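Numbering of ligands and ligand atoms starts at 1, following listing order. If you're wondering where the values come from, they're calculated on a predicted model, not measured in any experiment.
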Amino acid sequence: MEDSFQHKGLRRKLVEEIRHKGIHDEKVLEAISKVPRHLFMDSSFIKFAYRDQAFPIRAGQTISQPYTVAFQTQLLEVKPMHKVLEVGTGSGYQAAVLAEMGAKVYTIERQKELYLLSQTLLNALNYRIHFFYGDGYQGLPTYGPFDHIIITAAAPVIPDKLLDQLKTGGRLVVPLGGSNSQVMTLIEKQEDKSYKKTEHGLFVFVPMLGGKE
Ligand code: SAH
């Protein structure tokens with residue numbers, strides 16, 4: 001599990017690339033500069049780890065593009081000690097970025113294989129994250145409410161149960177839409193309990209599916 005000077009150098013370049021593409025939150029860029037993405041990749045793609053691209057991982061899923069991870073994280077406005085729920089652990093990369101920002105991370109994955117692999121890796125890297133095997137549509141009612149909720153799979157609708165688990169003043173970020181592309185959507189829960197919705201461009205994610213595998 002080596003993180004060499006070469007890896008660190010490649011990460012600095014990646015950070016400059018996504019800064020150039022519009023990520024301006026220095027805390028987010030710093031987190032990206034710290035997480036060793038090559039350790040989250042499938043062996044056949046390790047050499048491409050610091051390209052700004054999504055890549056296949058186990059169970060037919062993907063590790064998100066670093067720009068997309070940074071974009072969703074920037075929209076969340078995470079502060080240290082905030083409680084964040086992630087739906088779709090996948091490789092665990094996004095969860096590690098949130099943990100680097102000082103968040104208390106709770107993450108749910110419906111694929112047993114990925115749930116087990118990401119947990120082993122993040123524990124080995126000393127990230128303190130709470131892992132759950134289950135259906136993200138249900139959220140984690142006993143651990144909420146959360147300051148932030150991030151969905152990292154394409155959701156056809158905003159799951160009601162997740163809105164219920166958001167704190168007042170909290171922010172939920174979700175790629176909303178069908179299989180071709182989705183609109184990155186930010187939901188803010190207002191003091192009067194109403195929801196403010198804003199849209200932030202098109203992205204492509206693997207689908208959010210119900211139940212467990
Ligand atoms: N955040 C991940 C990206 C993973 S891709 C990363 O940084 O690598 C989306 C993930 O969401 C997949 O692993 C998929 O299995 C998972 N997923 C899809 N529907 C889900 C659901 N209902 N509950 C939990 N996880 C789900």
Side-chain angles (χ1 to χ4, degrees), residues 14 18 28 31-32 34-42 45-46 48-76 78 84-101 103 105-122 125 127 129-141 143-144 146 148-163 165 172-179 181-182 184 203-213:
L14 174 65
I18 64 176
V28 173
I32 298 280
K34 287 190 180 152
V35 180
R37 189 174 188 246
H38 60 285
L39 301 179
F40 294 76
M41 306 283 288
D42 249 27
F45 298 105
I46 289 178
F48 304 128
Y50 295 104
R51 286 193 185 174
D52 188 26
Q53 286 177 20
F55 286 98
I57 55 173
R58 303 288 274 273
Q61 304 303 318
T62 56
I63 176 169
S64 301
Q65 183 181 344
Y67 172 77
T68 303
V69 171
F71 191 86
Q72 283 194 287
T73 309
Q74 181 169 276
L75 277 179
L76 281 183
V78 176
V84 182
L85 172 64
E86 179 195 26
V87 173
T89 314
S91 67
Y93 178 70
Q94 170 76 70
V97 168
L98 292 167
E100 282 290 356
M101 297 188 69
V105 184
Y106 296 74
T107 184
I108 315 178
E109 173 57 54
R110 68 182 288 281
Q111 297 278 356
K112 188 82 164 266
E113 184 183 13
L114 295 173
Y115 157 76
L116 293 170
L117 279 171
S118 59
Q119 186 163 199
T120 305
L121 174 64
L122 289 168
L125 293 173
Y127 287 110
I129 288 169
H130 307 278
F131 294 89
F132 298 84
Y133 170 52
D135 177 8
Y137 276 103
Q138 309 305 317
L140 293 172
Y143 295 86
F146 298 94
H148 308 283
I149 299 178
I150 174 172
I151 301 179
T152 67
V157 292
I158 304 169
D160 280 343
K161 289 184 179 163
L162 297 186
L163 288 176
Q165 292 168 37
L172 178 149
V173 174
V174 53
L176 210 52
S179 55
S181 70
Q182 303 87 39
M184 192 61 78
F203 289 80
V204 181
F205 284 80
V206 294
M208 182 169 174
L209 303 170
K212 291 192 272 191
E213 281 287 309

message: What I want to check is whether the side chains of Gln94 and Thr73 have a donor and an acceptor closer together than 3.5 Å.
response: yes
- prompt: So, does Ile57 sit close enough to ligand 1 that a heavy atom of it is under 4.0 Å from the ligand?
  reply: no
query: Among all protein non-hydrogen atoms, which one is nearest to atom 22 (N) of ligand 1, and what is the separation to 0.1 Å?
result: Leu209 O, 2.6 Å
- request: Closest by any non-hydrogen atom to atom 18 (C) of ligand 1: pick that one out of Gly136, Gly88, Pro207.
  value: Pro207
query: Does ligand 1 have an atom under 4.0 Å from some heavy atom of Glu213?
result: no
message: Has Glu86 got a side-chain atom pairing as donor or acceptor with Ile150's backbone, closer than 3.5 angstrom?
response: no
task: Show which atoms of ligand 1 fall inside a sub-4.0 Å distance from at least one heavy-atom site of Gln94.
output: 1 (N), 7 (O)
message: Please list, in number order, the atoms of ligand 1 under 4.0 Å from a heavy atom of Gly90.
response: 4 (C), 13 (O)
query: Starting from atom 8 (O) of ligand 1, which protein heavy atom do you reach first, and at what distance in Å?
result: Ser91 OG, 2.6 Å
- prompt: Side chain of Tyr50, backbone of His38: donor and acceptor closer than 3.5 Å?
  reply: yes
From CD (Gln111) to CG (Leu117), nearest 0.5 Å: 11.0 Å
- request: Name the option, out of Gln72, Arg110, Glu86, that contains the heavy atom nearest to atom 17 (N) of ligand 1.
  value: Arg110
task: Find all atoms of ligand 1 within a distance of less than 4.0 Å from any non-hydrogen atom belonging to Thr152, and give their numbers and elements.
output: 1 (N), 2 (C), 3 (C), 5 (S), 9 (C)
query: More than 12 non-hydrogen atoms from neighbouring residues, nucleotides or ligands closer than 6.0 Å to OH on Tyr143, yes or no?
result: no
message: Just to confirm my output: which protein heavy-atom neighbour is closest to atom 15 (O) of ligand 1, and how far is it?
response: Glu109 OE2, 2.6 Å
message: Show me which atoms of ligand 1 lie under 4.0 Å from any heavy atom of Leu114.
response: 13 (O)
message: Distance under 4.0 Å to a non-hydrogen atom of Tyr137: what atoms of ligand 1 satisfy this?
response: 22 (N)
- prompt: In terms of residue, atom name and distance, what is the protein heavy atom nearest to atom 14 (C) of ligand 1?
  reply: Gln61 OE1, 3.3 Å
message: If the contact criterion is a heavy-atom separation under 4.0 Å, does Ala95 count as touching ligand 1?
response: no
message: Tell me whether Gln111 has any N or O atom under 3.5 angstrom from an N or O of ligand 1.
response: no
message: For ligand 1 and Gly211, I'd like to know whether there is a polar contact (N/O to N/O, distance under 3.5 Å).
response: no
message: How long is the straight-line distance from CG of Leu176 back to CD1 of Ile158, given to the nearest 0.5 Å?
response: 5.0 Å
- prompt: Thr89 heavy atoms, cut-off 4.0 Å: which ligand 1 atoms fall inside?
  reply: 1 (N), 2 (C), 6 (C), 8 (O)
task: Kindly assign one of parallel, tilted or perpendicular to the pair Phe132 and Tyr106, based on the angle between their ring planes and the thresholds 30° and 60°.
output: parallel
- prompt: Is there side-chain contact between Ile63 and Phe45, with heavy atoms separated by less than 4.5 Å?
  reply: no
- request: Check ligand 1 against Thr62 and write out every atom of the ligand that is under 4.0 Å from a heavy-atom position of the residue.
  value: 3 (C), 4 (C), 5 (S), 8 (O)
query: If you measure from each non-hydrogen atom of Val206 to ligand 1, which part falls under 4.0 Å: side chain, backbone, both or neither?
result: side chain
message: Using a 4.0 Å cut-off to any heavy atom of Ser64, which atoms of ligand 1 qualify?
response: 3 (C)
